[in-house]
Every structure is written in structure tokens, then in C-alpha cells.
Amino acid sequence: MKEFKQYINGQFVNSTSSNVTEVLNPCTEEVLSVIPDGSVEDANLAIDVAYHAQKEWRSFAAIERANYLNKMATIIRENRVFLAETLAAEQAKLFGLAQVEIDVTADYFDYNAGWARRIEGEIIQSDRRKEHMFLHKAPIGVAVGILPWNFPFFVMARKVAPSLVTGNTCVIKPSCVAPNTVMEFAKLIEGIGLPAGVLNFVCGGGASVGNALTKNSKTGIVSLTGSVFAGQKIMEATAPNITKVSLELGGKAPAIVCADADLDLAVNAIVSSKVIFSGQVCNCAERVYVEDSVYDQFLEKVTKKLNSIKVEDAFSGNNPDMSAMVSKAQIDKVEEMVNFAKTEGAEVVLGGNRSSQFDKGYFYQPTLLTNVKQNMQIIQEEVFGPVLPLMKFSTLDEAIALANDCEYGLTSSIFSENFNKVMHASQELEFGETYINREHFEAIQGFHAGWKKSGLGGADGKHGMEEYLQTKVVYAQYR
Ligand code: NAD
């Protein structure tokens with residue numbers, strides 16, 4: 001069993017608290033590691049050292065900062081199998097998918113390093129003669145990155161890479177549920193020569209360490225990926241200091257399947273986005289609206305496809321489609337929501353229970369629900385599990401209205417071969433992303449941003465990098 005320490009000011013240090021949290025393998029329920037259940041003092045120390053280190057870090061040429069990101073990418077690639085094994089074990093992510101996450105994370109560091117020579121300001125025309133107005137883009141200061149358990153390694157890069165390249169220093173707090181890969185990364189990059197205090201890793205609960213990091217007056221920006229509840233708590237904690245927040249929160253993605261869609265493509269795309277990582281993905285299809293004239297045909301195809309899903313251990317060599325859910329808390333939540341939907345009249349076409357195939361672990365069956373209604377909890381609230389509820393619609397405008405009738409606004413999709421329909425829907429859907437005739441998954445050069453309760457600000461691409469910059473206008477009068 002491994003024991004991790006926090007990484008503060010360029011050193012692995014013990015927490016001032018002696019409490020620890022156990023990290024479990026969700027397939028076997030074995031204890032994999034213990035991490036410190038850190039203290040408020042640890043959090044404040046990490047912010048302090050990051051604050052002092054930032055004064056020098058921001059004076060580095062952007063390309064010098066970028067060189068460290070390239071080194072991180074190289075180290076990730078050199079250790080890709082070890083990191084993927086760590087990731088797969090701590091969160092029951094299928095090993096193949098874990099490798100994809102590790103590889104994309106390396107690319108993410110390189111991609112952000114590429115922005116170093118493209119962080120540009122503007123020269124604005126002054127109303128005065130002999131004056132230039134220079135709009136500079138400046139780092140904010142200390143960036144706090146708070147991570148979820150579902151894509152902990154990739155999301156770590158989403159915070160670290162853009163904050164460091166733009167001249168901020170960074171404090172990362174991984175989720176207590178899946179911190180191991182991130183803490184292994186802290187060990188791997190120890191030797192790259194990053195100045196002390198530029199990048200720090202502290203562990204602990206959201207209400208304690210997370211709260212202390214976010215309410216510290218030296219914190220410049222808090223970037224959270226997590227639940228709406230945590231986002232609300234962070235907005236409360238940052239309000240007294242008017243600290244900038246960037247929030248990537250939950251989703252309840254609708255998929256609209258029109259009568260003229262390629263139904264096989266729609267079924268494959270929706271099911272694959274639903275079973276990938278057992279449905280524990282913020283952007284994956286959470287509810288499906290099918291045009292009534294093809295509903296029966298779609299139901300038959302989606303039932304067949306979901307029935308063929310192989311559920312196995314994350315390291316199985318049998319080419320599985322899905323593994324366990326991440327934790328007891330997560331499977332309990334999914335079970336409770338499906339049971340509640342049943343009491344509200346939902347019909348279980350497939351699944352609807354924990355899997356009886358395994359003695360240990362948090363395995364839930366791929367589940368298909370019909371006879372659901374728009375006002376039911378299963379249609380309105382994020383399930384974050386392998387559960388697909390289906391509803392019918394008659395007109396596209398009705399489907400768009402049903403899709404928009406939700407507090408979340410992260411991602412959405414439409415399946416149709418009609419150009420006019422997809423263009424109309426992509427304008428009307430109130431979501432930060434709309435996927436047309438494809439699975440739900442964003443690209444690192446896009447901009448992943450939620451509308452409504454799904455978030456504020458966003459990540460990836462140029463706009464994601466600019467989250468970590470503030471503007472300053474210099475009025476330069478000359479004679
Ligand atoms: P969570 O909100 O329980 O925890 C996320 C992080 O926030 C953890 O590190 C936690 O310790 C911390 N936290 C909790 N309370 C806090 C507080 N008061 N102050 C500071 N930090 C606090 O979420 P989770 O269960 O780890 O992740 C699943 C959720 O994340 C889902 O809702 C999912 O949709 C969302 N998510 C969103 C995106 C996106 O890009 N929009 C991506 C991945 C996950």
C-alpha cells in the first residue's frame with residue numbers, strides 16, 4: 001500500500017494533521033493507498049509559497065515557462081503505462097481508456113506550451129495626440145485548481161498547463177476519491193527543475209482544505225471541476241475577496257434523435273458515450289428524445305446494443321465496454337435514483353440493478369428506462385451512471401424545448417441528416433456544446449464551458465488559456 005505526502009514549496013512534506021484517507025480499488029474494494037487528510041494550515045502554507053514564487057515566475061519569458069510544460073509532457077509519455085495502471089486501479093477506468101487519458105494529458109501540456117508565443121495584447125487608438133494605449137495580458141497570481149475524481153489526471157493538466165504558461169503559480173487539490181495518479185505525477189516531475197512553490201499539491205476534503213484554498217485572500221483564481229454544490233460553495237467562499245472563479249460543473253446532456261437520422265450511428269454514439277467510464281462523464285448523454293415515428297425502431301436497436309455491453313474488471317483482457325462505478329457512494333446514488341424513477345412509473349427495459357456477476361466491487365448494470373416523464377428526477381437531475389432514459393417527441397421544436405427545460409447547460413447532441421434541422425437546433429439549444437451526428441466528447445482546442453448551472457467560464461483552447469489572464473491598459477503619453 002502506498003503512502004503519499006503533500007508537495008509544497010518543492011518538497012514532499014507531512015501534513016500538520018495526522019489524519020489520512022484510504023483510496024480504494026472500486027473493482028476489488030482493496031486499499032491502494034493512503035493520502036493525508038490535510039489541514040487548513042497546509043492549504044494556507046501552499047498558497048503562501050505559491051504567492052511568493054509567482055513574483056519571479058511571472059518574470060520568466062513565456063517560452064521558458066512553456067519548456068517546463070514540454071518536460072512534463074515528456075515525463076508523462078515516458079511513464080504512460082505506469083500512470084495508466086495507477087489511474088485504472090484507483091477509479092475502475094478501463095485500462096485502454098486510462099491510457100487514452102494519460103496520452104491526451106501529455107498532449108494537453110504540449111498544446112498549452114504552444115500558446116507561449118501567442119499570448120498577445122493590443123494597441124488601442126488614443127483620443128490624444130502622441131499617446132499609445134497598450135492593452136497587456138497579465139497573469140492573475142495564484143491559481144487554485146480543484147479536481148473531480150472522474151478525469152483526475154486530464155483535469156489536473158487543464159488547470160496546471162494554462163495557469164503556468166500564462167505566468168501564474170498553482171496549487172492543486174485532487175479529489176480524495178482518486179488522487180493517486182496526480183500524486184504520482186508530483187513525484188515524477190520533482191526532478192525537472194521547476195522553481196520551488198510554482199506548483200504545489202495538497203490533499204484533503206472539500207469543506208476543509210478546499211474551502212481554505214478558495215477563501216484565502218492571496219488566491220487569484222479558483223478553477224473547479226466538480227458538482228454544482230461544490231461550485232456554489234466556492235462562489236460563497238470567494239465572494240468576500242471577489243476572487244475570480246472558473247467553474248466546470250455537472251451536466252444533463254440531452255440527445256435528440258430525429259426520424260431522418262442514421263439510427264445505427266445514433267445508437268452507437270449514444271451508447272458509447274453512456275457506457276464510457278460507466279456513464280460517469282460530465283458531457284455524456286443523460287436523456288434521449290426520439291421522434292415518435294422511429295421510436296420503436298430506435299428502442300429495439302438501443303436495447304440490443306446495451307444488452308451486448310460487457311462489464312468486467314478494469315484490467316480485463318476480454319475487450320470490455322465498462323467496469324465498476326467509482327465508489328460505494330456513487331453506486332448508492334445511482335441505485336437510489338433508478339429505484340425512485342421506478343416508483344414514479346418508469347419501466348425498466350434493461351438492467352436497473354447492481355450487477356450480481358461479481359462478489360466485490362461497485363458494478364451496476366447498463367440500464368434502459370422508458371415511460372419516463374419530463375418532470376421526473378431521472379430526467380431533470382444528473383445521474384452520473386450507466387442509465388439511459390428514453391422519451392418521445394413529435395416536432396423538433398418540442399424536442400428542443402424539452403432539451404432546454406433543465407437547470408444544466410453543458411453539452412447536447414442532435415442526430416439528423418437534414419442540414420436545416422441541425423443548424424436550427426444548434427442555434428436554439430441552450431448548451432455550451434452541441435455535437436451533431438457524433439458522440440459526446442470535446443477537443444482540447446475547443447472551449448468546454450457550461451451554460452446555466454453547468455458553470456462559469458470554461459477550459460481548453462485559446463479561451464481556456466485566457467481564463468488565467470487579466471488585462472491592464474497602459475496609457476503612454478510621449479512628447
Ligand atoms: P465534487 O463536487 O464532489 O468534488 C469535486 C472537488 O471539489 C473535490 O476535489 C472536492 O473535494 C472539492 N470540493 C467539494 N466541496 C468543496 C468546497 N466546499 N470547497 C472547495 N472544494 C470543494 O465532484 P466529484 O464527485 O468529484 O465529480 C463529479 C462531478 O463533477 C459531476 O457533477 C460532474 O458532472 C462534474 N464534472 C464536470 C466536468 C465539466 O467539465 N463540466 C468534468 C468532470 C466532472
Side-chain angles (χ1 to χ4, degrees), residues 21 23 35 37-38 40 43 47 90-91 93 101 144-159 171-179 182-183 201-216 219 222-239 243 245-253 276-286 325-334 381-385 407-411 431-433 440-444 446-460 464 467:
T21 304
V23 180
I35 56 157
D37 186 6
V40 169
I47 297 289
E90 69 173 326
Q91 51 163 196
K93 186 166 273 166
E101 181 171 343
V144 165
I146 300 189
L147 313 183
W149 48 257
N150 68 337
F151 285 89
F153 201 60
F154 174 67
V155 174
M156 180 269 299
R158 253 188 182 162
K159 319 288 185 205
V171 179
I172 291 291
K173 189 196 87 62
S175 159
C176 303
V177 180
V182 170
M183 297 313 286
F201 294 85
V202 292
C203 301
S208 53
V209 172
N211 178 261
L213 293 172
T214 52
K215 72 178 188 201
N216 192 305
T219 295
V222 178
S223 176
L224 162 80
T225 303
S227 60
V228 172
F229 177 77
Q232 287 164 337
K233 289 287 166 203
I234 285 173
M235 287 186 83
E236 282 169 25
T238 49
T243 304
V245 291
S246 179
L247 304 174
E248 294 167 54
L249 309 178
K252 187 72 193 169
I276 189 169
F277 195 35
S278 310
Q280 303 168 119
V281 185
C282 61
N283 59 13
C284 72
E286 279 257 335
M325 310 217 54
V326 77
S327 63
K328 179 171 181 314
Q330 195 58 28
I331 197 168
D332 286 351
K333 179 191 155 204
V334 170
E381 290 177 24
E382 185 181 50
V383 180
F384 230 51
E407 289 187 329
Y408 295 96
L410 190 60
T411 70
F431 297 82
E433 276 159 18
H440 295 218
F441 235 103
E442 70 272 16
I444 63 180
F447 187 54
H448 186 55
W451 291 16
K452 304 183 191 168
K453 280 193 181 168
S454 289
L456 261 185
D460 307 336
E467 288 280 284

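For ligands, and for the atoms within them, numbers begin at 1 and follow the listed sequence.
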Participant: Report the C-alpha separation of His440 and Val281 in whole Å, then their side-chain angles, then the decisive distance to 0.1 Å, and conclude whether the side chain to side chain contact (heavy atoms under 4.5 Å, CB included) test is met.
Facilitator: CA-CA 10 Å; His440 295 218; Val281 185; over 6 Å; no
Participant: Which is it for Leu224 and ligand 1 at heavy atoms under 4.0 Å: side chain, backbone, both or neither?
Facilitator: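 Answer for Leu224: side chain.
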Participant: Got more than 12 heavy atoms from elsewhere within 6.0 Å of CD, Glu407?
Facilitator: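 12 or below, so no.
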Participant: When only distance counts, is Glu248 in polar contact with ligand 1, meaning an N/O pair under 3.5 Å?
Facilitator: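 Yes, Glu248 has an N/O under 3.5 Å of an N/O on ligand 1.
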Participant: Return yes when at least one protein heavy atom is under 4.0 Å from atom 4 (O) of ligand 1, and no when none is.
Facilitator: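 Flag for atom 4 (O) of ligand 1 set to false, no protein heavy atom closer than 4.0 Å.
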Participant: Any chance you could measure Glu467, atom CD, to Asp460, atom CG, to the nearest 0.5 Å?
Facilitator: 10.5 Å
Participant: Which residue holds the protein heavy atom closest to atom 23 (O) of ligand 1, what is that atom called, and what is the gap in Å?
Facilitator: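 That would be Ser227 N, 3.5 Å.
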Participant: If only atom types and distance count, is the side chain of Ser454 paired as donor or acceptor with the main-chain N or O of Gly250 below 3.5 Å?
Facilitator: yes
Participant: Note the single closest protein heavy atom to atom 28 (C) of ligand 1, along with its residue, its atom name and the distance in Å.
Facilitator: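 Looking at atom 28 (C) of ligand 1, the protein heavy atom closest to it is Phe384 CE2, 3.7 Å.
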Participant: Check each atom of ligand 1 against the heavy atoms of Ile234 and keep those under 4.0 Å away; list them by number with element.
Facilitator: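 Near Ile234, meaning under 4.0 Å from one of its heavy atoms, ligand 1 has 19 (N), 20 (C), 21 (N).
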Participant: Can you tell me the protein heavy atom closest to atom 8 (C) of ligand 1 and the distance?
Facilitator: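 Atom 8 (C) of ligand 1 sits closest to the protein heavy atom Leu147 O, 3.2 Å.
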Participant: Which one holds for Phe151 and ligand 1: side chain close, backbone close, both close, or neither close, with close meaning a heavy atom under 4.0 Å?
Facilitator: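 Near ligand 1, Phe151 shows nothing, with every heavy atom at 4.0 Å or more.
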Participant: Could you list which atoms of ligand 1 come closer than 4.0 Å to a heavy atom of Ile146?
Facilitator: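 Listed by number with element: 6 (C), 7 (O), 9 (O), 12 (C), 20 (C), 21 (N).
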Participant: Short list, please: which atoms of ligand 1 are under 4.0 Å from a heavy atom of Leu410?
Facilitator: 41 (N)
Participant: Can you find an N or O of Glu382 that's nearer than 3.5 Å to an N or O of ligand 1?
Facilitator: yes
Participant: State the atoms of ligand 1, each with its element, that fall below the 4.0 Å cut-off from a heavy-atom position in Gly210.
Facilitator: 19 (N), 20 (C), 21 (N)
Participant: Sort and list the pairs that fulfil side-chain hydrogen bond (donor to acceptor under 3.5 Å, both in side chains) and have at least one residue in residues 202-216, not counting sequence neighbours.
Facilitator: Asn44-Asn216, Asn211-Lys215
Participant: Check whether Phe151 forms a cation-pi arrangement with Lys93 (NZ or CZ under 6.0 Å from the six-membered ring centre, at most 45° off the ring normal).
Facilitator: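 Satisfied, under 6.0 Å and within 45°.
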Participant: Quick one: look up the protein heavy atom nearest atom 35 (C) of ligand 1 and list residue, atom name and how far away it is.
Facilitator: Gly226 O, 3.2 Å
Participant: Which residue owns the protein heavy atom closest to atom 13 (N) of ligand 1, what's the atom, and how far is it?
Facilitator: Gly206 CA, 3.4 Å
Participant: Only heavy atoms of Pro148, strictly under 4.0 Å: list the atoms of ligand 1 that pass.
Facilitator: 26 (O), 27 (O)
Participant: May I ask you to decide if Glu381's main-chain N or O and Lys252's side chain share a donor-acceptor pair within less than 3.5 Å?
Facilitator: yes
Participant: With atoms numbered from 1 as shown, which atoms in ligand 1 lie under 4.0 angstrom from a non-hydrogen atom of Lys233?
Facilitator: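 Contacts of ligand 1 toward Lys233, numbered from 1: 18 (N).
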Participant: Does one side chain, of Asn283 or Glu433, offer a donor that lies under 3.5 Å from an acceptor on the other?
Facilitator: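 No, because no side-chain N or O of Asn283 sits under 3.5 Å from a partner of the opposite role on Glu433.
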Participant: Tell me which protein heavy atom sits closest to atom 25 (O) of ligand 1, plus the residue, atom name and distance to 0.1 Å.
Facilitator: Trp149 NE1, 2.7 Å
Participant: Quick check on Lys233: does its NZ atom have over 12 non-hydrogen neighbours (other residues, nucleotides or ligands) under 6.0 Å away?
Facilitator: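 Atom NZ in Lys233 is not crowded, with 12 or fewer foreign heavy atoms closer than 6.0 Å.
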Participant: Could you tell me whether the side chain of Gln91 and the main chain of Asn150 form a donor-acceptor pair under 3.5 Å?
Facilitator: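 Flag set: sc Gln91 to bb Asn150 pair under 3.5 Å.
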Participant: Side chain, backbone, both or neither: which applies to Val228 and ligand 1 if a contact is any heavy-atom pair less than 4.0 Å apart?
Facilitator: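 The answer is neither; Val228 stays 4.0 Å or more away.
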Participant: Using a 4.0 Å cutoff against the non-hydrogen atoms of Cys282, which atoms of ligand 1 qualify?
Facilitator: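 Heavy-atom distances to Cys282 below 4.0 Å select 34 (O), 36 (N), 37 (C), 38 (C), 39 (C), 40 (O), 41 (N), 42 (C), 43 (C), 44 (C).
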Participant: Go through ligand 1 atom by atom and flag the ones less than 4.0 Å from a non-hydrogen atom of Asn150.
Facilitator: 43 (C), 44 (C)
Participant: Looking at ligand 1, is there an atom of it that comes within less than 4.0 Å of some heavy atom belonging to Ser175?
Facilitator: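 Yes, Ser175 has a heavy atom closer than 4.0 Å to ligand 1.
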Participant: Tell me every residue that passes side chain to side chain contact (heavy atoms under 4.5 Å, CB included) with Glu382, counting only those two or more places apart in sequence or in another chain.
Facilitator: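 By the side chain to side chain contact (heavy atoms under 4.5 Å, CB included) rule, Glu382 matches Glu286, Phe384, Tyr408.
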Participant: Can you tell me if Gln280 uses its side chain to pair, donor with acceptor, with the backbone of Val326 under 3.5 Å?
Facilitator: yes
Participant: Any chance you could lay out the side chain to side chain contact (heavy atoms under 4.5 Å, CB included) test for Thr225 and Leu147, step after step, and finish with the verdict?
Facilitator: CA-CA 6 Å; Thr225 303; Leu147 313 183; over 6 Å; no
Participant: Nearest protein heavy-atom contact for atom 41 (N) of ligand 1: which residue, which atom, what distance?
Facilitator: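 So the nearest neighbour among protein heavy atoms is Leu249 O, 2.7 Å.
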Participant: Evaluate Lys173 for polar contact with ligand 1, using N/O atom pairs at a separation under 3.5 Å.
Facilitator: yes
Participant: Do the side chains of Arg158 and Glu248 get close enough for a salt bridge, i.e. N-O under 4.0 angstrom?
Facilitator: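 Counted as a salt bridge, because a side-chain N and a carboxylate O are separated by less than 4.0 Å.
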Participant: Is the shortest N/O to N/O distance between His448 and ligand 1 below 3.5 Å?
Facilitator: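 So ligand 1 has an N or O lying under 3.5 Å from an N or O of His448.
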